[in-house]
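Counting starts at 1 for both ligands and their atoms, following the listed order. In this chain, residues are counted from 1 in sequence order.
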Amino acid sequence: MTRSVRRSSSIAILGCGVLLMGAVANEPEGLGPIRGFSNARSGDEHALEEKFRAIPDPAHAESNLRHLTSEPHLAGTEASKRVAEWLRGQYQSYGFDAQIVSYSVWMAQPKEVSLELTSPQKQALATPEAGIPEDKDTFDKRAVMAFNAYVPSADVTAPVVYVNYGTQEDYRVLQSLGISVEGKIALARYGRCYRGIKTKLAEEHKAVGVVIYSDPEDDGYDAGDMFPRGPWRPMSGIQRGSVEYTQIYPGDPLTPGVAATPDAKRITPAEATNLSHIPTLPINPQDGAAILSKLDGPHVPRSWQGGLPFTYHVGAGAAVAHIRLVMDYQQRPIYDVIAKLHGTSDDEWVVLGNHHDAWVFGAVDPSSGTATMLEAARGLGDLVRSGWKPRRTIVMCEWDGEEEGLIGSTEWVEQNRAELQSKAVVYLNTDVGVAGPNLSASAVPSLKEFVRDATRSVPNPQSGETVYETWREHDARAEVEELGSARPTGQAEVSGEAPISALGAGSDFCPFLDFAGIPSADVGFVGDYGVYHSLYDDFYWMKKFGDPEFKYHAALAKVLGTMVLRLDEADVLPFDYGNYAGEISRAVQALQKRAGEQGINSSEVKPVVDAAGQLSESAAKLAHALQSGGGLAIDPVSQAKLNRDLASVDQALLAPEGLRGRTWYKHTIYAPGSYAGYSAEVLPGPSEALDRKDAAAFEVESKALAAALRRAAARLDEVTKLSGK
Ligand SMILES: [Zn+2]
């Protein structure tokens, strides 16, 4: 779905000063011990990884991408099924045991999406994207008209109000201007938050419809040259996308919490709480300008002015718009591909995934990730052919229906939760795999150092440095720029390490982490990418701007493969709970401070503070045990048990009853923000209770959080005991 170029630095990356056994932060790679391996086995692992990293190559990645982008392949269509079948065949040819798993999902395709200004003059809008002569794919008649997924059919006419990005803060500003969207159509620009939050907030403020346009300031000509001259959104480019309220629950709206199998018990659409009741549609910058330029009413606040060449007004007044949507909802099939490379032990799984469905051609989103995963799979298959046998089973998943609301992954995780919780040691996601040359990663804190370690072993394709070094230097520059602008001093700390953000919403790691408690990470290369979810995200764009020589595709395949091989072969799984406990402690301190500011009695926060302290102590003891070789020399049965416990700490952090008001979300440390867009809400239960100024909910959520932290501490103590140190 999306990957933000800039990431929040509000959770600093400073470790707790305890390095796990084998961590070799500043040693040149290829020489030192690897986290989770004995010194003796580290050498073999280095040799295996070297052998693997010689295999992924740009030409294969390019040919994969060419195939994956050869026709538009929206979820629920025959074209998406063809992609799934091709992927199954590719994985089989690499020696994987690959299958298609299908679900039946309540999903729409658009029959009519129309928008017109009825006043001050009549003008038809919702202009389709224009073909570009040098890029023949852009004339493909099979491209779906631009629409937002999970909107109702509707026919409304109302005056228009400009709501900037349509965030909570923007509505506060509107209120201060004395403007209401009640009974009006809200015109929002894309950016800052998930589009489903724009619709949710507009609905809560009693708007009758939403139009979302892309402003040139955000990903168009203000950012740089427009496609086809440059990589940024042309005036004709439209961002499609879902407005399902995935922040309440993702997946098939009619089967919350259970898999959308043909015989599943289904609720009715009216009962589904993750659907909007008002129409939303996306439009391009030129249509956005047509409406905005007709608005009267007060001038917008300075920061609301975008990049169009006139002064913006808020409305509402003379400009009246008419939205008409006819959506064809049906039970539609989706096709996940699940490919396994069986290990010596089928009881432990290293799981990787990306989606394969696309709004149109989807060269960057998602096919660059898929083309890359295929290259990693080919490399692993070659290792097997040359006599290697994986220790754990490697499971590579290609999801369908991600764009509509993380459907393929959610349904599969809901169906296989018990098995995943007993077998999966990690879930690695790569969605927007390659949009440019800058690495970007999100992960649970226990995997951050592991992700950095893997990138220290892969050369950057365009310099003599490693991927890690370029990543760290680039982000240090970006961070200094950010610090130099508006950020209050002291909020962000430049740690000297490449920053890894928390996992929010927006891609298929969500069900794994938030519903099943599988430790997750997401990696990819980002860059100047203005054609997100448009017709123009195609092979031509990638070849001209994103990765013309496909070197970053090959580099990402090497990063992914290195991570897989380390997780697969490790004697002791390379989780760093010292870092996790440290990040939780800092978040708890911030929570305590906020609670105090709201006059909440400190005795209510104390159990959380105590439990976080207990977790830190347990993590420090475990780090000490592992640092002195714990777990390496124990019998295989105890070692398997130790690894199981190590991999299930996030499960201990799940609250069985889930978060209030959105019980599908079980993780007590991370959830997508209810109103905060793609970014993660940390300690979501008590934190959002404070946002709502709901002291009773704060008490309940704090108890659940404290209990989860104590369970996690007990799990770490168990590992320490098993480690034999
Ligand atoms: Zn995607």
Side-chain angles (χ1 to χ4, degrees), residues 1-5 64-65 68-69 72-77 79-80 83-84 87 107 144 146 148-150 190 194-196 219 238-244 246 250-251 282 334-337 352-374 396-412 427-436 440-442 503-513 520-527 529-539 541-542 546-547 553 556 560 672 677-679:
M1 209 183 266
T2 190
R3 183 192 305 285
S4 62
V5 181
N64 290 341
L65 193 80
L68 287 163
T69 56
H73 51 285
L74 186 70
T77 65
S80 194
V83 172
L87 287 168
M107 221 163 47
V144 72
N148 290 124
Y150 286 117
Y190 268 118
Y194 169 54
R195 64 187 87 67
D219 63 1
I238 308 175
Q239 181 188 140
R240 293 156 184 78
S242 181
V243 294
E244 184 182 49
T246 53
I334 62 164
Y335 304 95
D336 290 345
V337 183
L352 273 82
N354 179 29
H355 64 108
H356 65 74
D357 66 300
W359 282 112
V360 189
F361 298 103
V364 171
D365 179 7
S367 307
S368 59
T370 306
T372 296
M373 270 177 63
L374 286 173
M396 296 181 87
C397 311
E398 303 289 351
W399 312 116
D400 200 355
E402 188 269 0
E403 295 293 8
E404 282 73 8
L406 318 179
I407 298 174
S409 56
T410 297
E411 302 310 319
W412 192 75
Y427 175 70
L428 303 175
N429 194 67
T430 184
D431 180 346
V432 170
V434 182
S440 169
S442 319
L503 289 160
S507 198
D508 294 303
F509 49 77
C510 171
F512 282 89
L513 179 63
S520 301
D522 183 55
V523 294
F525 286 99
V526 299
Y529 173 46
V531 295
Y532 172 63
H533 286 188
S534 77
L535 171 69
Y536 311 114
D537 183 354
D538 65 0
F539 187 80
W541 185 94
M542 180 65 80
D547 188 15
H553 282 74
L556 184 60
L560 290 175
Y678 289 110
S679 62

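Because the distance cut-off is set at 2.8 Å, Glu402 fails to qualify as a neighbour of the Zn ion (ligand 1), as none of its N, O or S atoms comes that close. In summary, Glu403 places no N/O/S atom under 2.8 Å from the Zn ion (ligand 1), failing the contact criterion.
For Tyr529 and Asp537, the side-chain atoms include at least one donor-acceptor pair closer than 3.5 Å.
The closest approach of Asp365 to the Zn ion (ligand 1), by N/O/S atoms, is made by OD1.
Between Trp412 and Phe512, the ring planes lie tilted relative to each other; the angle falls in the 30° to 60° range.
The distance between the ring centers of Phe361 and Trp541 does not fall below 6.0 angstrom.
Partner of Pro250 under the side-chain contact (heavy atoms from CB on, under 4.5 Å) criterion, out of Ile407, Leu406, Asp508: Leu406 alone.
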